[in-house]
Amino acid sequence: MNNLSSLLRWLLVGSIVLIWSAAPVHAAGVVGNGTPGSCTEAALRAAVAGGGRVTFNCGPQPVTITLTDQLEVRQDTEIDGGGPQQGGRVTLSGGGRTRLIWLYDTTLTIRNLTLIDGRSVEGGAIRSAGLNSRVFIYNSIFRNNDSTAGTDEEGGGAISMHFGRLHIEDSLFEHNRGINGGAIYNLRCPITVLRSTFRNNDSSRGGVVANFGFGGAIYNDGAGQSGVGGQIVIRDSIFIGNKARNFGGAVYSYLYHPDSSTIERSFFADNIVYLNSNGRASGGALMHHNGPLTLRDSTFFNNRSEDIGGAVVVAQTTFHTNWNRAVLTNLAVVGNRADAANTDKGNGGGLYFNGGQATVVNVTVAHNHADRLGGGIYNTSSNSADVELRNTIIADNQIGSSHDSVQCFGALRGSRNLQTPTGRSCVSGIMLAQPRVAQSVDYHGGFIPSLALLAGSPAIDAGADCPAFDQRGAARVGPCDLGAFEYAGVAPAAQLEPPTLTGLTNHGALVQVSFSPVTGAARYEAEARRVDGLTWMVLLTNNSILLDVGRYTIRVRACNEIVCGPFSNELSVEVSQAPLKLFVPLLVR
C-alpha cells in the first residue's frame, strides 16, 4: 500500500469552472530582443514597472532570470512566460535570497511561468496584501520557495495572501516550505484551486510551537471579510506527500461566519501531520475547523496523523445556527492511520468528528488503523444525532488496543449501513457482514482512484436515496449500492486529451516540437519512430528531443502527475546531423 505508483494508472482532469476571471490589462513591455543574454533582471524590471502584459523574447530555449531583490507590482500586471508546457519557458529565481514578487491593492496574473528559490519571512515567491489585491495563477510551477524564517504565524512557502482573492488553475506546487502553509497561506482570502498538484510541500519545520505548522500545502485562516464571508473551493486537484506539524497534513481551514468550504473530485495520498510541541496532531490530510464543509467525490489514501484523524478531522468549536454542518458524500477513505507515541493518542484512523452536525452519505471507510480507538470513525459527541451515516460501508478497520471500538467509537446514527462484524456495532441495527471490498484503491474509470466492490458483496443493491452518480461519475443502477462505488455502474473514460502536433523544426540533431497545450498536463512525452523500426520514448525537455541521423515519425502525448493520455497526430522529420555526444534514450521498444 505504500507504493503509490503501482496503484495509480489514470486521472481525469475535471471540467473547466471559473469562479473569478482576470480582467484584461493593457499591453506593456517585451523582455529581451531574441537572445538569452538580453533577458536580464533590469529588462524585466523595466517591463514590470509600466504594468500591463509582460512577455519574453529570449530565443527558443528556456531562460532563468535571477533576481537580486523583489519585483514590486504597483499597477495591474500580467507576466506570461510563454510556451505550451507547464511552467513555460521562463524561470524567475530568487537565488535563495529574496522574494520574487510583492504587490498591494492591485491585480497580478501569472501565466506559463516557473518561480523557484524565493525566500522571505512571508511568501517566498509572492506576497500580496490589501483588500483589492487579486492574484491569478495559470499553468505555472512554484518550486523550492521558502518562508520559514519568520516569527509570526504568517507563512506561505510559495504564496502569502493577506486579504484580496486568489485563483489557481493547472499549476504545480512542490518542495515549498512555510511556517504555516507549506505552499500557500491565506488570511481572510477567498481561494479557488482547480486542476492543480501539491507535492512534497512542508510546514512541519515551523511547528515547534503550538500556533505554527498548520497546512502542509494550504493554510486558510478565513475565506472573506468579517460579516461578508467567502468560499474556499478545491476541485480536481492532487495532494501527495505534504507534511505539517500541528493541523492538516495537506490542507488546514479555519472559517469565520458566514464562510464556507467545498472540496471535490480530489485525491489525497501519503500526507502526514506530526505532533507539535504540545503533543497535538490533527488530520493527516485535511483539518476543517468551523463552518460548512462540502466534501465529495474524493479519495483519501495512506495518509497519517500522529494523534487524531488519520485522513480527515472535522471540528466545530465556534457555533452559529445552521452553520456548523459538514456533508461528506461519495468518499473512499482507505488505508489511513492514526498512530501514536503513547496510549492517550491515536484515535480515528479514517474520520474524526468533534462538534457540530455531520452527514456521511455513500462513503467507504476501509482498511484504516487507529492505535487507540475508532479504527474507521471516531466521534467525540455522546449525542448520536450529531453524526448520521447513510449508505455507508465500514470495512476491515483495525485498532492497536484491546477495545471493542474496532470499526467506530462514539455515538452515531443512521440507516442502510454495513460493517465488518469485528468489534461492536457502529449504529444500532447496522448490517453485520463481510463487505467484500478490494484491498486497495485502483483506477476503475472516473476522476480518481476508487475502492471497488467485489462480486457477491452484500453492499450491492442495499442502498436507498443515494446520490445520482457514484464517486467515479458512474450512474447509480437500480437499487443503488452502499458506499462510494456502484458495482454495475459504468464510469466515464478517464483520460487527458491528445495534443495537436503542429510542427517540427530541425536545429542540427535537436528537433524542436510544436504542439497545442493540454489542460491538466504536467509534462509531455514524444515517441520517435525511425524508418528502420527503432522507436524511442523520450520525455520532452524544453519542447525538444535529441535524435541521431535518420528519418523519423514523431507523435506526442500529454501526461499528468500519474499517467499519460493518448498520442497526437504524426509528423515526419529528417535528421542529417549526428549529436555531439552519445544520446541514450529513456526507453527503446
Side-chain angles (χ1 to χ4, degrees), residues 19 188 190-192 218 220-235 247-248 251-266 268 282-283 285-298 300 308-309 311-333 348 350-365 374 376-392 394 408-417 426-427 463-469 471 484:
I19 307 301
R188 307 300 286 260
I191 175 175
T192 299
I218 299 176
N220 296 299
D221 185 359
Q225 296 307 297
S226 178
V228 177
Q231 284 190 315
I232 295 165
V233 177
I234 298 173
R235 181 178 297 128
F247 294 154
V251 176
Y252 172 79
S253 294
Y254 187 101
L255 302 186
Y256 303 90
H257 186 265
D259 294 341
S260 63
S261 179
T262 297
I263 300 174
E264 57 189 2
R265 297 196 304 266
S266 292
F268 295 78
S282 301
L286 170 65
M287 169 68 172
H288 173 85
H289 204 158
N290 294 329
L293 169 66
T294 300
L295 177 58
R296 61 191 173 205
D297 304 325
S298 297
F300 293 82
I308 64 173
V312 177
V313 170
V314 178
Q316 305 280 5
T317 57
T318 301
F319 293 95
H320 293 266
T321 302
N322 297 320
W323 184 65
N324 300 87
R325 295 182 178 274
V327 179
L328 284 63
T329 308
N330 279 340
L331 306 181
V333 182
L351 305 176
Y352 187 102
F353 298 99
N354 179 22
Q357 290 77 47
T359 304
V360 180
V361 182
N362 283 91
V363 170
T364 302
V365 182
I377 302 174
Y378 188 104
N379 180 26
T380 64
S381 175
S382 59
N383 184 354
S384 64
D386 289 344
V387 178
E388 178 186 11
L389 310 181
R390 299 204 307 259
N391 302 321
T392 289
I394 307 164
C408 302
F409 179 86
L412 305 166
R413 68 182 177 96
S415 60
R416 293 185 180 268
N417 303 296
C426 294
V427 177
D465 298 321
C466 301
F469 298 89
Q471 178 188 37

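Note that these values count all heavy atoms, side chains included, but never hydrogens, waters or copies made by symmetry. From a predicted model like this one, the values you see are computed outputs, not experimental measurements. Sequence positions, counted from 1, serve as the residue numbers for this chain.
- What you find for Ala311 and Val333 is that their closest heavy atoms are CB-CG1, 3.9 Å.
- Distance OG1/Thr294 to CD1/Ile263: 10.0 Å, rounded to 0.5 Å.
- Shown here are the salt bridge (Lys or Arg N to Asp or Glu O under 4.0 Å) partners of Arg296, two or more places apart in sequence or in another chain: Glu264.
- Judged by distance alone, with hydrogens and angles left aside, the side-chain atoms of Asn417 form a donor-acceptor pair with the main-chain N or O of Thr392 at under 3.5 Å.
- With no hydrogens or angles considered, no side-chain donor-acceptor pair links Tyr256 and Asn290 at under 3.5 Å.
- Nearest heavy-atom pair, Ala285 versus Phe300, reported as atom, atom and distance to 0.1 Å: CB-CD2, 3.7 Å.
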Test side chain to side chain contact (heavy atoms under 4.5 Å, CB included) on Val387 and Tyr378 and set out the steps.
CA-CA 10 Å; Val387 178; Tyr378 188 104; over 6 Å; no
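- Among the candidates Thr318, Ile232, Asp221, Asn220, the single residue satisfying the side chain to side chain contact (heavy atoms under 4.5 Å, CB included) test with Leu255 is Ile232.
- Between Gln316 and Arg325, the closest heavy-atom pair is NE2-N, 3.9 Å.
- At least one side-chain heavy atom of Tyr352 sits under 4.5 Å from a side-chain heavy atom of Thr380.
- Arg390 is linked by a salt bridge (Lys or Arg N to Asp or Glu O under 4.0 Å) to Glu388, counting only residues two or more places apart in sequence or in another chain.
- Side-chain contact between Leu328 and Leu351: present, with at least one pair of heavy atoms (C-beta onward) separated by less than 4.5 Å.
- Closest non-hydrogen pair, Pro190 versus Gly224, comes out as CD-CA, 4.4 Å.
- Side chain of Asp386 to backbone of Ala358: no donor-acceptor contact under 3.5 angstrom is found.
- Annotation: side chain of Asn354 is not in contact with side chain of Val313 (no heavy-atom distance under 4.5 Å).
- The number of heavy atoms from other shown groups lying within 6.0 Å of CG (Asp465) does not exceed 12.
- Taken from CZ in Arg416 to CG in Leu389, the straight-line distance is 15.0 Å, to the nearest 0.5 Å.
- You'll find the side chain of Val251 reaches within 4.5 Å of the side chain of Phe268, heavy atoms only.
- Classification of the Trp323-His257 ring pair by plane angle, with boundaries at 30° and 60°, yields perpendicular.
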CA sep, side-chain torsions, deciding dist, call: Val327, Leu295, side chain to side chain contact (heavy atoms under 4.5 Å, CB included)
CA-CA 6 Å; Val327 179; Leu295 177 58; over 6 Å; no
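- When only modelled atom types and interatomic distance are considered, Ser253 and His289 share no side-chain donor-acceptor pair under 3.5 Å.
- The two residues Ile394 and Cys426 make their nearest non-hydrogen contact at CD1-SG, 3.7 Å.
- Gln471 and Asn330 are not linked by any side-chain donor-acceptor pair at a separation below 3.5 angstrom, with hydrogens and angles left out of the test.
- Among all heavy-atom pairs drawn from Thr364 and Ala484, the shortest one is OG1-N, 3.1 Å.
- Contact of the Ser266 side chain with the Ile234 side chain is registered, since non-hydrogen atoms from C-beta on lie closer than 4.5 Å.
- Counting heavy atoms from C-beta outward, Asn379 and Leu412 have side chains that approach closer than 4.5 Å.
- Atom NE2 of His288 is separated from atom CZ of Phe353 by 11.0 Å, given to the nearest 0.5 angstrom.
- Contact of the Val314 side chain with the Leu293 side chain is registered, since non-hydrogen atoms from C-beta on lie closer than 4.5 Å.
- In this structure the side chain of Val361 never reaches within 4.5 angstrom of the side chain of Val363, judged on heavy atoms.
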